[in-house]
Participant: 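Attaching a single structure in structure tokens format; questions to follow.
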Amino acid sequence: MFDIKWIRDNPAAFDKAMESRGSSQRAAALLDIDDRRRTIIVRLNEAQEKRNALSKQIGQAKAQKDEAKAQALMSEVATLKDFIPAGEADERAVEKELRDALAAIPNMALDDVPFGEDESDNVEYFGPNGTPETAAPRRPPRPAFGFAPKEHFEIGVAEKDMDFEIAAKLSGSRFVVLKGQLARLERALGQFMLDLHTQEHGYLEVRPPVLVRDDALFGTGQLPKFEDDLFFTPHGEGRLALIPTAEVPLTNLVRETILTEEALPLRFTALTSCFRSEAGSAGRDTRGMLRQHQFDKVELVSITTPEESINEHERMLACAETVLQRLGLHYRVMTLCTGDMGFGARKTYDIEVWLPGQDTYREISSVSVCGDFQARRMEARYRPAGEKQPPRYVHTLNGSGTAVGRCLIAVLENYQQEDGSVLVPEALQPYMGGLGVIGGR
RNA sequence: GGAGAGAUGGCCGAGUGGUCGAAGGCGCACGCCUGGAAAGUGUGUAGGCGGGGAACCGUCUCGAGGGUUCGAAUCCCUCUCUCUCCGCCA
């Protein structure tokens, strides 16, 4: 969420940022609300000041048993009796108007984010000061096949243990039932990723709720604008949402707090199921388990100072890349252009894994730095170390590390054998009881 | 689901109609003490909004929202959450 004071001071920059993100928001309309708001506040404050001063005098008069004087003062205050409640109501209304307007505005892209309209304008990224040559050694090569590689759901093991028909009977479309070694392989992937991030990357493992309140969703920016993407369940008088990503509970872990600077950075990771209604995706990726209503994901969230968030973004990307490197999966990294970024992001890297069966790259991780955008919505601040300074908003980052279901697809497609079996990447074998291949005879 | 207790500053904890944004403690910051440190000691230390170049001033905030009152942390109503006991339950 934007700071109205910043918009007041930088209206041209704000308009430019909105235009580059394809938003029709402009500073003038917001500042008009702000002007009305400030006028109301000034008038209200003056009236309150007068009331408070007179009330204090009434207290003194009563203490001195001067009833006549007290009565005179009380009748004077009575003239404010209508104005103050009305002014308070006006203030509440205009504050809400401003907050509602600000809450619907997407974050501003960082200066080095490429300008563009959609995913065709995204730009490949090779690391800080990187080139294709410097990035290549870290990235596993594409596998070579002596046969035509199949899509994941056509591979022998999947035809046996990846059951969309029974899932449809249970739950409808966009659900899957995994069985046997495929079920175990997905579990192994989640365990492997969690162990990697907790043991080597310094993340704290968290088991959060997967049902959350509207407030938490507002904090990370899913509400109020993206209600249609969520599943809700009734609860008491209200409702709870199933999380679309563990970003929601992990980031909200610091909501409404003032941290000490020494506590930063905070790094959280969680393996959870995620739930998305995919309302706008009818007809897209309907075959296979690429786009499901329910999927598992290992999420990474960092809470940092403003000074450190850019560095943390690169670090988090590297943490996510390590997953694919250890699994021997070929991938590329894209910097999302201004038009393709999510609502709360200032800059986003997508990691796209190579899927030989589809003969294309598909997103398997998205790593975003949000600046103080979410922190403002959550009221998450920290107190700078040293000399007395006011609290500042923290910066928040989130990234997938990685999507487990899509990673399963990638393993199947990249390690498939002509006979329908699939080799188990070395890094996963300890999690598979030493098994080197699944689906073989 | 039933009964009861509670929610106060970064943290703990006093405070039942006026001078209370709020005692005391912890923590933190600065100073003194010290060869240096610890201990001790002194001072300071909430946040939001508005006005102002600034110093500063005003206002709001004691879980949230309404209400009573000239005046509310304190009284009333509604809600949320936490704790204890009972019931149910993986």
Side-chain angles (χ1 to χ4, degrees), chain A residues 1-9 30-99 101-103 207 209-219 234-241 249 252-264 266 303 305 372 375-394:
Chain A
M1 188 153 74
F2 273 90
D3 178 4
I4 186 64
K5 281 182 282 195
W6 185 88
I7 298 174
R8 206 186 290 155
D9 295 336
L30 296 163
L31 293 179
D32 176 63
I33 302 173
D34 186 45
D35 285 342
R36 275 163 35 220
R37 168 174 156 271
R38 287 195 286 167
T39 304
I40 289 167
I41 287 173
V42 168
R43 282 209 311 256
L44 179 62
N45 278 5
E46 284 168 358
Q48 288 169 327
E49 181 180 359
K50 190 172 171 190
R51 177 200 63 195
N52 291 348
L54 290 171
S55 290
K56 202 169 245 180
Q57 290 176 37
I58 293 170
Q60 288 164 355
K62 293 221 171 194
Q64 293 160 11
K65 309 280 187 213
D66 189 347
E67 274 303 316
K69 186 178 174 192
Q71 286 300 328
L73 289 165
M74 279 162 71
S75 62
E76 194 178 344
V77 174
T79 60
L80 299 167
K81 200 132 170 48
D82 293 328
F83 181 80
I84 288 178
E88 286 171 347
D90 287 348
E91 187 193 352
R92 276 196 297 274
V94 74
E95 294 278 11
K96 183 179 188 314
E97 187 182 352
L98 183 62
R99 183 174 171 80
L102 289 173
R207 293 285 294 163
V210 299
L211 288 166
V212 296
R213 300 163 165 278
D214 281 20
D215 287 345
L217 293 157
F218 180 88
H235 179 63
E237 305 285 299
R239 64 178 184 180
L240 290 172
N252 276 281
L253 247 28
V254 297
R255 70 176 292 119
E256 293 163 56
T257 55
I258 302 179
L259 302 157
T260 60
E261 181 165 358
E262 292 72 29
L264 303 176
L266 289 169
I303 313 295
T305 61
D372 63 8
R376 284 181 187 285
R377 300 169 82 98
M378 295 188 301
E379 281 301 318
R381 293 171 292 176
Y382 76 99
R383 202 176 292 283
E387 284 288 330
K388 172 71 181 161
Q389 290 176 73
R392 304 169 73 195
Y393 287 105
V394 297

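When reading the values below, keep in mind they use all heavy atoms of this one structure, side chains included, and skip hydrogens, waters and symmetry mates. Quick note on labels: first sequence line is chain A, next is B, and so on, each numbered from 1.
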Participant: Under 4.0 Å, counting only non-hydrogen atoms across every strand here, what does A:Arg43 touch: a base, just sugar-phosphate, or nothing?
Facilitator: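 It contacts nothing in the nucleic acid.
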Participant: Would you indicate whether the side-chain heavy atoms of A:Phe218 and A:Met378 approach each other to under 4.5 Å?
Facilitator: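 Not in contact.
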Participant: Please list all pairs meeting salt bridge (Lys or Arg N to Asp or Glu O under 4.0 Å) that have one or both residues in residues 37-50 of chain A, counting only residues at least two apart or in different chains.
Facilitator: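 Residue pairs passing salt bridge (Lys or Arg N to Asp or Glu O under 4.0 Å), neighbours aside: A:Asp34-A:Arg37, A:Asp34-A:Arg38, A:Asp35-A:Arg38, A:Arg37-A:Glu95.
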Participant: Rounded to whole angstrom units, what separation is found between the CD atom of A:Glu379 and the C1' atom of B:A46?
Facilitator: 14 Å
Participant: Please report, rounded to the nearest Å, how far the P atom of B:C49 is from the NZ atom of A:Lys96.
Facilitator: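 In whole Å, B:C49 P lies 19 Å from A:Lys96 NZ.
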Participant: Find the distance A:Arg383:CZ to B:G27:C1' and express it as a whole number of Å.
Facilitator: 11 Å
Participant: C1' atom, B:U41 versus B:U34: distance in rounded Å?
Facilitator: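 Pairwise C1' distance, B:U41 against B:U34, rounds to 13 Å.
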Participant: Hey, which of these two, A:Asp3 or A:Lys56, hits RNA chain B nearer its 5' end, going by closest nucleotide?
Facilitator: A:Lys56
Participant: With C1' as the reference atom in both, quote the distance from B:G42 to B:G58 in angstrom, rounded to an integer.
Facilitator: 32 Å
Participant: Using a 3.5 Å limit on both pairing distances, list the dot-bracket string of RNA chain B from the 5' end; Watson-Crick and G-U wobble pairs count, crossing pairs take [ ], interstrand pairs take |.
Facilitator: ((((((((.[[[..)..(.....]]]((((((.......))))))((((((....)))))).[[[[[..)....]]]]])))))))....
Participant: Side chain of A:Asn252, backbone of A:Ala216: donor and acceptor closer than 3.5 Å?
Facilitator: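 Pair found, side chain donor or acceptor close to backbone of A:Ala216.
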Participant: Taking side chain to side chain contact (heavy atoms under 4.5 Å, CB included) as the definition, give me every residue that meets it alongside A:Ala53, ordered by chain and number, with sequence neighbours left out.
Facilitator: none
Participant: Side-chain N or O of A:Arg381 less than 4.0 angstrom from OP1 or OP2 on B:G10?
Facilitator: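 False: A:Arg381 side-chain N/O out of range (4.0 Å or more) of B:G10 OP1/OP2.
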Participant: So which protein N/O to nucleotides 79-81 of chain B N/O distances come out below 3.5 Å?
Facilitator:
residue, atom, partner, partner atom, Å
B:U80, O3', A:Arg213, NH2, 3.2
B:C81, OP1, A:Arg213, NH2, 3.4

Participant: Rounded to whole angstrom units, what separation is found between the CG atom of A:Leu54 and the P atom of B:U19?
Facilitator: 15 Å
Participant: Provide the distance between the two C1' atoms, one in B:G9 and one in B:C20, to the nearest whole Å.
Facilitator: 13 Å
Participant: Using the C1' atom as the point on both nucleotides, what is the distance between B:G6 and B:G63, in whole Å?
Facilitator: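 It works out to 11 Å between them.
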Participant: In whole angstrom, give the distance that lies between atom CD1 of A:Ile258 and atom C1' of B:U45.
Facilitator: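 Going from CD1 in A:Ile258 over to C1' in B:U45 covers 13 Å.
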Participant: Looking only at atom C1', what distance separates B:A3 and B:C88, rounded to whole Å?
Facilitator: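 About 16 Å, rounded to a whole number of Å.
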Participant: Do you know the tightest heavy-atom contact between A:Ala103 and A:Arg377?
Facilitator: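 In terms of heavy atoms, the two residues are closest at O-NH1, 3.1 Å.
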Participant: Just to verify, what does A:Arg51 make a side chain to side chain donor-acceptor pair (under 3.5 Å) with, not counting sequence neighbours?
Facilitator: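 A:Arg51 satisfies side chain to side chain donor-acceptor pair (under 3.5 Å) with no other residue.
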Participant: Could you check if a side-chain atom of A:Arg255 sits within less than 4.5 angstrom of a side-chain atom of A:Asp215, using non-hydrogen atoms only?
Facilitator: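 Yes; the side chains approach each other to less than 4.5 Å.
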Participant: Could you list, one pair per line, each protein nitrogen or oxygen that sits under 3.5 Å from a nitrogen or oxygen of nucleotides 57-63 of chain B, together with the distance?
Facilitator:
residue, atom, partner, partner atom, Å
B:G58, N2, A:Asn45, ND2, 3.0
B:U59, OP1, A:Asn52, ND2, 3.3
B:U59, O3', A:Gln48, OE1, 3.2
B:U59, O2', A:Asn45, OD1, 3.2
B:U59, O2', A:Gln48, OE1, 2.8
B:C60, OP1, A:Arg51, NH2, 2.7
B:C60, OP2, A:Asn52, ND2, 3.3

Participant: Using atom P of each nucleotide, how far apart are B:A39 and B:C30 to the nearest Å?
Facilitator: 15 Å
Participant: Establish, with yes or no, whether the OP1 or OP2 oxygen of B:C49 is under 4.0 angstrom from a side-chain nitrogen or oxygen of A:Arg37.
Facilitator: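 For A:Arg37, the contact criterion (side-chain N or O under 4.0 Å from OP1 or OP2 of B:C49) is not met.
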Participant: Please determine, for the side chain of A:Pro391, which listed nucleotide (B:C49, B:C70, B:G47) has the closest atom?
Facilitator: B:G47
Participant: Using atom C1' of each nucleotide, how far apart are B:U74 and B:U68 to the nearest Å?
Facilitator: 13 Å
Participant: Could you pull out all residues at least two apart from A:Ala101 that satisfy side chain to side chain contact (heavy atoms under 4.5 Å, CB included)?
Facilitator: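 Scan of A:Ala101 (side chain to side chain contact (heavy atoms under 4.5 Å, CB included), adjacent residues dropped) gives A:Leu30, A:Ile33.
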Participant: Can you tell me how far P of B:G48 sits from CZ of A:Arg376, to the nearest Å?
Facilitator: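 In whole Å, B:G48 P lies 11 Å from A:Arg376 CZ.
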Participant: Sequence neighbours excluded, which residues qualify as side chain to side chain donor-acceptor pair (under 3.5 Å) partners of A:Lys5?
Facilitator: none
Participant: How would you list, by chain and number, every residue that makes a side chain to side chain contact (heavy atoms under 4.5 Å, CB included) with A:Asn45, sequence neighbours excluded?
Facilitator: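 Listed in chain order: A:Ile41, A:Gln48.
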Participant: Just call it for A:Arg36: base, sugar-phosphate, or nothing, with non-hydrogen atoms closer than 4.0 Å on any strand.
Facilitator: nothing
Participant: Please list, chain by chain and in numerical order, all residues satisfying side chain to side chain contact (heavy atoms under 4.5 Å, CB included) with A:Leu266, sequence neighbours excluded.
Facilitator: A:Val254, A:Leu259, A:Leu264, A:Phe268, A:Ile303
Participant: A:Glu256 CD to B:G48 P: how many Å, rounded?
Facilitator: 15 Å
Participant: Please measure how far the P atom in B:U84 lies from the corresponding atom in B:C28, and state the result in whole Å.
Facilitator: 31 Å
Participant: CD of A:Glu95 versus P of B:G65: gap in Å, rounded?
Facilitator: 12 Å
Participant: State which residues pass side chain to side chain donor-acceptor pair (under 3.5 Å) with A:Arg392; sequence neighbours excluded, sorted by chain then number.
Facilitator: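 Listed in chain order: A:Glu307, A:Tyr382.
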Participant: Give the nucleotide from the list B:C49, B:G18, B:G51 with an atom nearest to the side chain of A:Ser55.
Facilitator: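 Nearest listed nucleotide: B:G18.
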Participant: For the side chain of A:Ile58, starting at C-beta, report the closest nucleotide among B:G51, B:G18, B:G47.
Facilitator: B:G18
Participant: Does A:Arg239 have any side chain to side chain donor-acceptor pair (under 3.5 Å) partners at least two apart in sequence or in another chain, and if so, which?
Facilitator: A:Asp214, A:Glu227
